Each structure stands twice: as structure tokens, then as C-alpha cells.
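This report concerns only the one structure given below.
Note that the coordinates shown come from a computational prediction; the quantities given were computed from them, not determined experimentally. These numbers come from the heavy atoms of this one structure, side chains and all, not from hydrogens, waters or symmetry mates.
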Amino acid sequence: WLDRTVFNADNTQLEADFTYYGKNEKITFIATMNDAENTEYAVTLDGENIAFNERFDGTLEIELSVKDNEMHKLEIKKI
């Protein structure tokens with residue numbers, strides 16, 4: 001459940017607050033960011049760097065293991 005999402009003006013930064021209420025072991029977010037050539041991103045979950053897969057320029061696949069029914073903050077930033 002997305003509680004809040006905020007993109008910056010050029011779509012190179014995203015802040016998303018979410019709560020997961022399901023029972024699956026993993027969930028996946030797909031974030032479509034600015035796809036400008038040579039743009040690299042970093043992803044954090046609750047302030048900790050996490051791995052992600054860039055499927056296409058600017059399209060990030062982020063797999064998470066979250067099952068505590070608590071609100072979490074996902075952040076994506078251009079580096």
C-alpha cells in the first residue's frame with residue numbers, strides 16, 4: 001500500500017512511504033525514473049542502501065523482503 005509518493009521536477013528522485021500487509025516473502029516495486037543517458041541511481045530502504053535491477057534506462061526493479069505491517073520509506077536518487 002503506497003501511503004505517499006513524491007517525485008522531483010525532473011523525475012530523478014522519488015520518495016515513497018509504503019506499508020505491506022500481504023503474506024508473500026518478497027514484493028517488487030517497479031519505478032520509472034528519468035531515462036536520460038548516463039543517469040545512475042541509488043536506492044535506499046529506511047536509510048539503508050539496497051540492491052536493484054535496472055531493466056531499462058530509468059526503469060528500476062526493486063525486490064524487497066518486508067512483512068512487518070510497518071510503514072517504510074523507499075528512496076531513489078540520481079548519483
Side-chain angles (χ1 to χ4, degrees):
W1 185 266
L2 286 170
D3 299 294
R4 180 181 75 92
T5 58
V6 178
F7 281 92
N8 69 349
D10 67 353
N11 289 330
T12 58
Q13 185 171 335
L14 166 66
E15 292 181 10
D17 296 332
F18 72 94
T19 308
Y20 178 64
Y21 297 102
K23 297 184 186 328
N24 292 326
E25 291 292 318
K26 295 184 180 184
I27 59 174
T28 302
F29 278 89
I30 303 291
T32 305
M33 309 298 290
N34 186 317
D35 64 353
E37 190 173 334
N38 298 320
T39 301
E40 294 185 34
Y41 293 97
V43 179
T44 62
L45 178 64
D46 299 326
E48 300 289 327
N49 288 324
I50 60 171
F52 65 94
N53 179 37
E54 189 166 10
R55 301 191 102 199
F56 308 100
D57 288 344
T59 302
L60 310 183
E61 177 182 40
I62 306 158
E63 189 175 278
L64 304 173
S65 295
V66 176
K67 9 178 211 179
D68 56 8
N69 295 341
E70 300 288 330
M71 187 178 293
H72 296 276
K73 180 181 287 294
L74 182 73
E75 294 183 272
I76 302 171
K77 294 181 181 178
K78 178 182 170 182
I79 53 174

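- Residues passing the side chain to side chain donor-acceptor pair (under 3.5 Å) test with Glu15, sequence neighbours excluded: Arg4.
- The stretch residues 36-47 participates, sequence neighbours left out, in no salt bridge (Lys or Arg N to Asp or Glu O under 4.0 Å) pair at all.
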Between side-chain atoms of residues 21-29 and protein atoms elsewhere (two or more places apart, or another chain), which donor-acceptor pairs fall under 3.5 Å?
| from | atom 1 | to | atom 2 | distance (Å) |
| --- | --- | --- | --- | --- |
| Glu25 | OE1 | Lys67 | NZ | 3.2 |
| Lys26 | NZ | Glu63 | OE2 | 3.3 |

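- Scanning for side chain to side chain donor-acceptor pair (under 3.5 Å) contacts around Thr44 gives an empty result, with sequence neighbours left out.
- Other members of the cluster containing Ile30 do not exist, because no ILVMFWY side chain is joined to it at under 4.5 Å.
- Ile76 and Val6 fall into different hydrophobic clusters, where Ile, Leu, Val, Met, Phe, Trp and Tyr side chains are chained together by heavy-atom contacts under 4.5 Å.
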Identify each donor-acceptor pair in which a side-chain atom of residues 48-58 lies under 3.5 Å from a protein atom, sequence neighbours left out, and give them as a table.
| from | atom 1 | to | atom 2 | distance (Å) |
| --- | --- | --- | --- | --- |
| Asn53 | ND2 | Glu61 | OE1 | 3.2 |
| Glu54 | OE2 | Gly58 | N | 2.8 |
| Arg55 | NE | Glu61 | OE1 | 3.4 |

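- Sorted by first then second residue, the ring pair (Phe, Tyr, Trp, His ring centres under 6.0 Å) pairs that include residues 57-79, not counting sequence neighbours, are Phe18-His72.
- Annotation for Met71: hydrophobic cluster partners, listed by chain and number, are none (ILVMFWY side-chain heavy atoms under 4.5 Å, direct or chained).
- Scanning for side-chain contact (heavy atoms from CB on, under 4.5 Å) contacts around Lys78 gives Thr12, Thr39, Tyr41, with sequence neighbours left out.
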Original post:
So Leu45 and Ile62, side chain to side chain contact (heavy atoms under 4.5 Å, CB included) or not? Walk me through it.
Top reply: CA-CA 10 Å; Leu45 178 64; Ile62 306 158; over 6 Å; no
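- No side-chain heavy atom of Thr59 sits under 4.5 Å from any side-chain heavy atom of Asp35.
- For Lys77, there are no salt bridge (charged side-chain N to carboxylate O under 4.0 Å, His left out) partners two or more places apart in sequence or in a different chain.
- Taken from CG in Leu74 to CG in Leu14, the straight-line distance is 6.5 Å, to the nearest 0.5 Å.
- Of the possible donor and acceptor atoms, one in the side chain of Asn8 sits under 3.5 Å from a partner among the backbone N and O of Gln13.
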